[in-house]
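Here is the structure we will look at, set down as structure tokens.
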Amino acid sequence: MLTINITEDKEVLKRCHSDNATILMCKNDGVEKGYIAFEQIGYVLHIVGFEVYYADENGAEDLLTADALLRSLGSYAMNHSCFYIQCSKKEFYPLLKKFSFAENDNYLTINLQQLFKVCKN
């Protein structure tokens with residue numbers, strides 16, 4: 001069973017170069033699959049760390065894990081009165097662009113309305 005919970009992991013904080021980040025850790029049957037670390041500044045969540053532990057050759061499971069982490073982050077953002085998620089770490093750009101993040105100045109940004117598109121059916 002896939003679970004995503006807030007966790008305190010000093011090693012992850014160290015890798016993210018942050019003392020204040022909140023970490024959402026994804027586990028499948030107790031096995032860590034990846035995490036997303038972020039800091040809230042006003043109405044924006046800033047991604048400071050994002051890692052998916054690669055599990056298969058074609059990357060399908062990895063994209064599902066990344067999608068689950070981003071949607072959990074979006075849910076966290078909505079519950080904490082945030083409107084945007086952004087990232088300035090260029091090493092995460094290729095993955096984030098797969099989820100419709102757009103480049104603005106020195107950031108990739110997504111509006112929560114884009115992350116959670118309304119069905120027209």
Side-chain angles (χ1 to χ4, degrees):
M1 172 190 253
L2 192 69
T3 59
I4 299 176
N5 293 305
I6 293 175
T7 187
E8 292 184 23
D9 188 322
K10 293 188 188 309
E11 287 299 316
V12 170
L13 291 174
K14 191 175 183 180
R15 283 196 301 259
C16 297
H17 306 288
S18 175
D19 295 329
N20 305 333
T22 302
I23 303 163
L24 294 175
M25 181 66 71
C26 180
K27 294 182 180 181
N28 190 4
D29 293 328
V31 176
E32 290 183 359
K33 293 301 207 175
Y35 68 86
I36 193 162
F38 59 94
E39 296 176 352
Q40 182 174 349
I41 300 173
Y43 296 107
V44 180
L45 292 185
H46 294 270
I47 297 171
V48 297
F50 192 13
E51 188 173 356
V52 175
Y53 309 139
Y54 296 98
D56 60 6
E57 290 181 19
N58 64 11
E61 183 180 339
D62 306 329
L63 282 176
L64 288 173
T65 301
D67 182 66
L69 284 165
L70 283 169
R71 291 183 186 282
S72 293
L73 181 60
S75 177
Y76 181 98
M78 287 177 30
N79 288 328
H80 289 83
S81 301
C82 294
F83 302 114
Y84 299 95
I85 298 171
Q86 66 181 198
C87 181
S88 63
K89 294 194 172 195
K90 297 205 183 295
E91 63 265 28
F92 304 138
Y93 280 24
L95 180 59
L96 293 174
K97 284 183 177 182
K98 291 179 182 181
F99 296 97
S100 300
F101 276 70
E103 204 159 344
N104 296 318
D105 297 323
N106 296 323
Y107 296 98
L108 279 187
T109 304
I110 192 165
N111 182 313
L112 292 183
Q113 291 176 343
Q114 291 171 284
L115 187 61
F116 299 113
K117 295 177 183 166
V118 177
C119 293
K120 296 183 182 184
N121 292 338

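Model, not experiment: these values are computed from the prediction. Along the sequence shown, residues carry numbers from 1.
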#### Entry: Results of ring pair (Phe, Tyr, Trp, His ring centres under 6.0 Å) for F38 - residues two or more places apart only
Y76
### Query
Is L69 close to F50 at the side-chain level, that is, under 4.5 Å between some pair of heavy atoms?
yes
### Task
Say whether I110 and L45 are linked into one hydrophobic cluster, either directly or through other cluster members, by side-chain heavy-atom distances under 4.5 angstrom.
yes
Taking only distance into account, with no hydrogens and no angle test, what donor-acceptor pairs under 3.5 Å do side-chain atoms of residues 89-97 form with protein atoms, sequence neighbours excluded?
| unit_1 | atom_1 | unit_2 | atom_2 | d |
| --- | --- | --- | --- | --- |
| K89 | NZ | C16 | O | 3.4 |
| K89 | NZ | V48 | O | 2.9 |
| Y93 | OH | N106 | O | 3.3 |
| K97 | NZ | E103 | OE1 | 3.3 |

### Query
Do you reckon Y35 sits in the same ILVMFWY cluster as L13, going by side-chain contacts under 4.5 Å, direct or chained?
yes
### Task
Answer whether the closest heavy-atom distance between the side chains of I6 and I23 falls below 4.5 Å.
no
### Query
With distance as the sole test, does N104 use its side chain to make a donor-acceptor pair with the main-chain N or O of T109 at under 3.5 Å?
no
### Task
Please round to the nearest 0.5 Å and tell me the distance separating atom CG of L112 and atom CE of M78.
7.0 Å
#### Entry: Between CG on residue L64 and SG on residue C26, distance to nearest 0.5 Å
10.0 Å
### Task
Taking all non-hydrogen atoms of both residues into account, name the closest pair between M25 and G34 and its distance.
SD-O, 3.2 Å
### Message
Measuring only between side-chain heavy atoms, which start at C-beta, is I85 closer than 4.5 Å to L73?
### Response
yes
### Summary
CZ (F101) and CD (Q86) are apart, to the nearest 0.5 Å, by 9.5 Å
### Task
Write out all pairs satisfying side-chain hydrogen bond (donor to acceptor under 3.5 Å, both in side chains) with one or both partners inside residues 5-27, taking only residues at least two apart or from two chains.
S18-E39
### Task
Would you name the heavy atoms of S81 and Y43 that are closest together and state the gap between them?
O-CD2, 2.9 Å
### Query
Atom OG in S100, atom CG in L108: separation rounded to 0.5 Å?
11.0 Å
### Query
Distance from L24 atom CG to L70 atom CG, nearest 0.5 Å?
10.0 Å
### Task
Measure from the side-chain N and O atoms of S72 to the backbone N and O of A68, and report whether any donor-acceptor pair falls under 3.5 Å.
yes
### Task
Compare all side-chain heavy atoms of H46 with those of C87 and state whether any distance is below 4.5 angstrom.
no
### Task
Could you tell me whether the side chain of N79 and the main chain of S75 form a donor-acceptor pair under 3.5 Å?
yes
### Query
Would you say the side-chain atoms of N111 pair up with the backbone N or O of Q113, donor to acceptor, closer than 3.5 Å?
yes
### Task
Could you grab the distance from atom CG of L2 to atom NZ of K33, nearest 0.5 Å is fine?
9.0 Å
### Task
Quick one: do Q40 and C82 satisfy side-chain contact (heavy atoms from CB on, under 4.5 Å)? Show the steps, please.
CA-CA 8 Å; Q40 182 174 349; C82 294; 3.4 Å; yes
